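We name chains A, B, ... by the order of the sequence lines, and we start the count at 1 in each one. Everything numeric in this text was worked out from a predicted model, so none of it was measured.
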Amino acid sequence: MSDTENITQTVHAGFAAKLDAVLTALEHDGVLPADAPRKGVTVEPPRDPSHGDLATNAAMVLAKQAKTNPRELAGKIIEKLSADDAVESAEIAGPGFINLRLGASVWLGELHAIAAMGEAYGQSTMGAGRRVNVEYVSANPTGPMHMGHCRGAVVGDALSSLLEFSGHKVTREYYINDAGGQVDVLARSAHLRYLEALGEDIGDIPEGLYPGDYLKPVGAALAKLHGDAFKDASEEDWLDTFRTDAVAQMMELIKSDLHLLGISHDLFSSEAVLHAKGKPAKAEAWLREHDLVYDGVLEAPKGKAPPEDWEPVELPLFRSTKFGDDQDRPIKKSDGKWTYFGADLAYHMQKAENADELIDIWGADHAGTVKRIKAAVSALSEGQGKAIPFDVKLVQMVQLMRDGEPVKMSKRSGNFITIADMVEELGADVAQNIIRFTMLTRKPEAQMEFDFAKVVEASKDNPVFYVQYAHARIQSTLRKAAAEGFAPSDAHLDQLGEEELELVKQAAQFPRLVEAAASAREPHRIAFYLYDLAGAFHAYWNLGNDRPDKRFIVAQSPDLTGARLFLALQLGQTIANGLRILGVEAVQEM
RNA sequence: GCGCCCGUAGCUCAGUUGGAUAGAGCAUCAGAUUCCUAAUCUGGGGGCCACAGGUUCGAAUCCUGUCGGGCGCACCA
């Protein structure tokens, strides 16, 4: 096992270590001053492959410290680097880049590594088992999931997988906002549907209640459960029960919607339970102890005209300005109840109990509250004397388009496109793949358009099929080869030529790319990488159109065929591993 | 008025945490199918990286400002 690890390390991270050793040697030689800072020195594949396999900027970064010019220093570095067997050539380019070309054996070794590691290829220990809590979706439990929730759900889920793949211990958490006014509205809306189920004519749904038909089954279920016990009862008699029951059913609905996208959380945390356990009060006590909460008066809202009913009131305020917020924030309302922020603050303290690191995935419409919650976690870190890294990833809005026109969605009118609708429209078997890949082929912090026309009939132009097709082609080739009596074999890998090695080199980027994507918390990089890798594969495949000697199966050359099939197998494995992170199926045929 | 995000080809978007001549798909033009899946491939045209300064060996990337688009600016959730 450690052998294969060393092999994968060798190609990228491994060369960084080698360069480091060379620089240290140059320090001993007096070329570089002792302990010269090496910040900014990188070893990475150059953008333009014709420059070589790896490039380093070391000479340019360190020339000043060495009191020489970059190209001269580069010469000295190369002198030492060339001693390495794996280095086929090393040359100075441009202003002082050092371009390295590695021997074929290095890349063939990588192919062995993929084979040896299989599904684990690309995994890393970067996370060192750190416990990361990723909270995502957390949609209000008042209705089904709609397309507006989709992006955060997919990004959060893929990010979780990515972090797991990179050696973190991830908890996928959903915060159920079941304590605010909106769930009372839900309970009242459900009561109306309950009356309807009992045969009453309820007419139009009154303004301020949720009008959606999805509450009809809830009303029916409540009627079945309670009979007419609450038919003429006053609201205080049924509100608690109906709220609990309705929320429970909404959560079932939401879970099944999420399941359609292949998403399931490890932990559902209830705001109501948080309150029942007295967590906000404990948080307040702790914060007051640390002089982070005080009783004070809020300033009137600036900018636009202040609300007419605004008046100064003394409230318990959290000192979020101390941690970069624009204003201190109330944790309780004037009626003594907790604000949403007060509860959320306690909730983050709760999450931090069982995690080393917190990540929240929020919609852009919550951007305004990022500073205060970051302040809260900073305060917690400071108070506890241990840093709790905390990141809020804002996922920008998705503009749904149909026939070139924006689709308007309004929850209040009940006019919105649900995930379930979308899945039905796309087809249950492919919807998860299409939606996930589409959402992941752009960076989350930029607004995106989701065009139904393009995505629905996308069987041609959708990138997800392009990548899946590459995988399917590989599988079909392996099947066909098996039928003709050929099997993948690493016995004659030396027969692989330049074009094949190029494919290996691209696949070999995968571990490095996974780490980069994980540390940047950017799962979309995986999607783009897979697209490129698939493109390289398709291009290679088509060489076989004009040149039968470039096909995977060359009947008269069994050794070469075995080697090519081995290559195909490992490419397929790499694509499958990437798709697994994204939660997209690696299909066997199309 | 303030805060956050964004501005890259006609359109949709990448750009490896600051690297070399700025990339892909769609669209457009010209080609490839007696061949393991053409859901594929090859090539052409198309750019003031919104604009102006700054930082340095080097900027689409970092800083400041301007313009443009989005989201938000209760004791709501």
Inset, instruction - Kindly indicate, with the supporting measurements, whether the criterion salt bridge (Lys or Arg N to Asp or Glu O under 4.0 Å) is fulfilled by A:R288 and A:D295. - result: CA-CA 10 Å; A:R288 281 191 187 271; A:D295 294 313; 3.0 Å; yes

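- Heavy atoms of A:E589 sit under 4.0 angstrom from at least one base atom.
- Nucleotides B:rA14 and B:rC67, compared at atom C1', are 25 Å apart to the nearest Å.
- For the segment residues 551-559 of chain A, the set of residues with a heavy atom within less than 4.0 Å of an atom of RNA chain B comprises A:R551, A:F552, A:I553, in numerical order.
- Taking atom C1' in both B:rG58 and B:rG31, one finds a spacing of 40 Å when rounded to whole Å.
- Within 4.0 Å of A:H524, counting heavy atoms only, lie sugar-phosphate atoms of the nucleic acid but no base atom.
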Inset, instruction - For RNA chain B, produce a single dot-bracket line, 5' to 3'. Pairs: Watson-Crick or G-U wobble, both distances under 3.5 Å. Symbols: ( ) within strand, [ ] crossing, | other strand, . unpaired. - result: (((((((..((((.....[...)))).(((((.......))))).....(((((..]....))))))))))))....

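- The side chain of A:M397 approaches B:rC71 more closely than any other nucleotide in the set B:rC41, B:rU16, B:rC71.
- Here the separation of B:rA50 from B:rC13, taken at their P atoms, is 15 Å to the nearest Å.
- The gap from the C1' atom of B:rA9 to that of B:rC71 amounts to 28 Å, rounded to the nearest Å.
- B:rU34 takes the anti form, because its glycosidic angle lies more than 90° either side of 0.
- Of the P atoms belonging to B:rG18 and B:rG1, the separation is 33 Å, rounded to the nearest Å.
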